[in-house]
Amino acid sequence: MKKQFAIGLSVILALLVVIFGINYLKGINMFKAANYYTVSYTNVSGLTQSAPVMLNGYKVGIVRSINYEYDNPGHVLVELSLDKELRLPEGTKAVIAVDMLGTASVQLNMGTAQQYVKVGERIPGETATGMMDNISQEMLPTIVAMLPKVDSILMSLNTIVANPALVSSVERLDRVMANLESSSRQLNAFMGTMPAIASDAKGITGNLNLMSSDLTEMTKRLNALPIDSTMQNVQAASESLKQLMAQLNNPNSTLGALTHDKALYNNLNQSAASLDSLLKDVKANPKRYIHIKVF
């Protein structure tokens with residue numbers, strides 16, 4: 001009898017462990033008190049049992065069960081298990097939201113009424129529009145409308161690419177780029193000669209500085225010369241020359257008589273001619289004029 005009792009107790013414990021384990025894997029904590037509410041949906045796509053129930057981004061419960069309402073065709077009854085401390089104001093809605101990966105959860109939109117929904121009662125349910133629904137409803141019609149325009153653009157691009165003018169333009173662009181490359185090399189070569197030019201310019205600048213120094217020294221020497229006395233002497237010499245010229249031009253003066261008396265001029269010419277004849281005769285007959293005696 002004791003053996004049978006032990007076997008029965010072992011079976012019961014095993015069943016309890018299995019039940020507890022299954023519920024634990026489903027996310028149901030059997031040792032935690034919870035309140036249960038029901039929600040009716042027309043579409044529970046993506047929602048699974050043990051899906052989280054969220055409130056302001058915080059998990060406040062799970063989906064306990066999902067069953068089809070055979071007495072209300074077209075609807076699915078979802079049972080929510082919420083924390084015992086959570087109270088739902090009237091007007092609260094349970095909205096099914098689907099993320100980008102297709103995983104659904106229940107979002108609680110709390111009402112603002114002062115009265116609260118009784119535990120076990122049904123609360124309104126909604127299904128939020130998912131991203132894929134928005135794409136199918138909004139973007140797909142736009143894409144379909146754009147397809148003819150895209151086809152027209154592709155045909156225009158094919159026409160442009162097939163145009164021989166495009167090939168010639170590309171060839172001209174290649175030539176332009178080649179010319180630019182050649183000009184760049186020449187510019188680099190010219191820039192390489194800049195140090196030598198700069199050195200020559202520096203030498204020229206040094207010569208100019210030296211010339212400037214020489215001019216400065218010359219200016220100092222000129223400033224040191226007795227310019228005033230020299231100008232006075234030049235002026236005095238000019239006056240003396242004027243007086244001499246005046247005497248030469250005046251026939252009544254001694255110098256003027258020499259330059260204006262033609263008889264004196266003729267006598268001087270005759271004397272010069274006689275002197276010349278005498279010199280010639282002396283050269284021709286020196287014994288006639290020179291007597292040498294030997295003792």
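None of these values were measured; they are calculated from a predicted model.
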- Apply ring-ring contact (aromatic ring centres under 6.0 Å, His included) to Tyr68 and list each qualifying residue two or more places apart in sequence or on a separate chain. Tyr70

- What one should report as the nearest heavy-atom pair of Leu55 and Met110 is CD1-CG, 3.5 Å

- Do Asn35 and Leu86 have side-chain heavy atoms sitting under 4.5 Å apart? no

- Message: Quiz question: by atom type and distance under 3.5 Å, do the side chains of Ser40 and Glu69 form a donor-acceptor pair?
- Response: yes

- Note on the structure: Taken to the nearest 0.5 Å, the spacing of Leu80 CG from Ile62 CD1 works out to 9.5 Å

- Message: What verdict does the side-chain hydrogen bond (donor to acceptor under 3.5 Å, both in side chains) test give for Ser105 and Gln107, after you've listed the backbone C-alpha separation in whole Å, the side-chain angles of each residue and the deciding distance to 0.1 Å?
- Response: CA-CA 6 Å; Ser105 62; Gln107 306 288 336; 3.2 Å; yes

Result block: side-chain N/O donor-acceptor pairs under 3.5 angstrom for residues 177-184, not counting sequence neighbours:
residue, atom, partner, partner atom, Å
Asn179, ND2, Arg175, O, 3.3
Ser183, OG, Asn179, O, 2.9

- Query: Mind checking what makes salt bridge (charged side-chain N to carboxylate O under 4.0 Å, His left out) contact with Lys118, not counting sequence neighbours?
  - Reply: none

- Message: Is there a side-chain contact between Val53 and Leu82 in this structure, where contact means two heavy atoms from C-beta onward sitting under 4.5 Å apart?
- Response: yes

- Query: What is the distance from atom CD1 of Ile123 to atom CG of Leu108, rounded to the nearest 0.5 Å?
  - Reply: 6.0 Å

- Note on the structure: Those residues at least two apart in sequence (or on a different chain) that pass salt bridge (charged side-chain N to carboxylate O under 4.0 Å, His left out) with Glu79 are none

- Message: For residues Val117 and Val78: do they belong to one hydrophobic cluster (side chain heavy atoms under 4.5 Å, members Ile, Leu, Val, Met, Phe, Trp, Tyr)?
- Response: yes

- Side chains of Ile66 and Leu47: does their closest heavy-atom pair fall under 4.5 Å? yes

- Message: Quick check for you: to the nearest 0.5 Å, what is the distance between Ile96 atom CD1 and Glu126 atom CD?
- Response: 10.5 Å

- Message: I'd like to know whether CZ of Arg122 has more than 12 heavy-atom contacts from other residues, nucleotides or ligands below 6.0 angstrom.
- Response: yes

- Message: Nearest 0.5 Å, please: how far is NE2 in His75 from OG1 in Thr42?
- Response: 6.0 Å

- How far apart are the closest heavy atoms of Ala104 and Ser45, and which atoms are they? CB-O, 4.1 Å

- Item | Contacts of Glu121 that satisfy salt bridge (charged side-chain N to carboxylate O under 4.0 Å, His left out) - sequence neighbours left out | none

- Partners meeting salt bridge (charged side-chain N to carboxylate O under 4.0 Å, His left out) with Asp276 (sequence neighbours left out): Lys280

- Message: What's the separation between atom CG in Leu88 and atom CG in Asn109, rounded to the nearest 0.5 Å?
- Response: 11.5 Å

- Task: Calculate, to the nearest 0.5 Å, the distance between atoms CD and CD belonging to Gln114 and Glu90 respectively.
- Result: 10.5 Å

- Message: Restricting to non-hydrogen atoms, name the atom on Val39 and the atom on Ala94 that form the minimum distance, rounded to 0.1 Å.
- Response: CG2-CB, 3.9 Å

